[in-house]
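One structure is given here, and the rest of the page talks about it.
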Amino acid sequence: MKHNLNNRFTLSSDKCNWILIDEQAGKKAKRSYFPNIKQLSRFIGELVAKESLDKAKVELGDIRTITPSYSSVIDKIVERLEAYIDSIVQDGKSKHRK
């Protein structure tokens, strides 16, 4: 089973692990192994967040209480990503059974 999450990440699995294949142009593909989808989703979310912070321009200014915290935003994104990956896996299993 292999599923392309986007043009960079591919999801695969073996008997014991979920495998995330990170293919960036001009770099050797990296494989990361995870025992469950929750840890896989958390890894992707944090990796993409770190990379986007490198590109972002940060200005310190008036911080308001209505602004959500960084961690709560990342947590919501990771939850959605986990649900998306879970739906791909379930869809793949149902197609495999037919």
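All values below were derived from every heavy atom in this structure, side-chain atoms included, with hydrogens, water molecules and symmetry-related copies excluded.
- When all heavy atoms of E82 and S41 are compared, the pair lying nearest together is CA-OG, 3.1 Å.
- Of the inter-residue distances, the one linking L20 atom CG with F34 atom CZ reads 5.5 Å to the nearest 0.5 angstrom.
- Taking every heavy atom of both residues into account, L81 and G45 meet most closely at CD2-N, 4.3 Å.
- Put simply, the side chain of L5 reaches to within 4.5 Å of the side chain of I44, judged on heavy atoms.
- Annotation: side chain of F9 is in contact with side chain of V48 (closest heavy-atom distance under 4.5 Å).
- With contacts defined as side-chain heavy-atom distances shorter than 4.5 Å, the pair K38/R42 does not qualify.
- Note on L47: it clusters hydrophobically with Y84, by side-chain heavy-atom contacts below 4.5 Å among ILVMFWY residues.
- Rounding to the nearest 0.5 Å places CG of D86 at 4.5 Å from CD1 of I37.
- Here the OG-CG distance, from S32 to D22, works out to 7.0 Å after rounding to the nearest 0.5 Å.
- Side-chain atoms of N6 come within 3.5 Å of backbone N or O of R8 as a donor-acceptor pair.
- Of the inter-residue distances, the one linking R31 atom CZ with T10 atom OG1 reads 9.0 Å to the nearest 0.5 angstrom.
- The shortest side-chain heavy-atom distance between L11 and W18 falls under the 4.5 Å cut-off.
- Residues D14 and C16 form a side-chain contact, since some pair of their non-hydrogen atoms from C-beta on lies under 4.5 Å apart.
- Taken from CD1 in I21 to NZ in K30, the straight-line distance is 14.0 Å, to the nearest 0.5 Å.
- Rounded to the nearest 0.5 angstrom, S12 OG and Y33 OH are separated by 9.0 Å.
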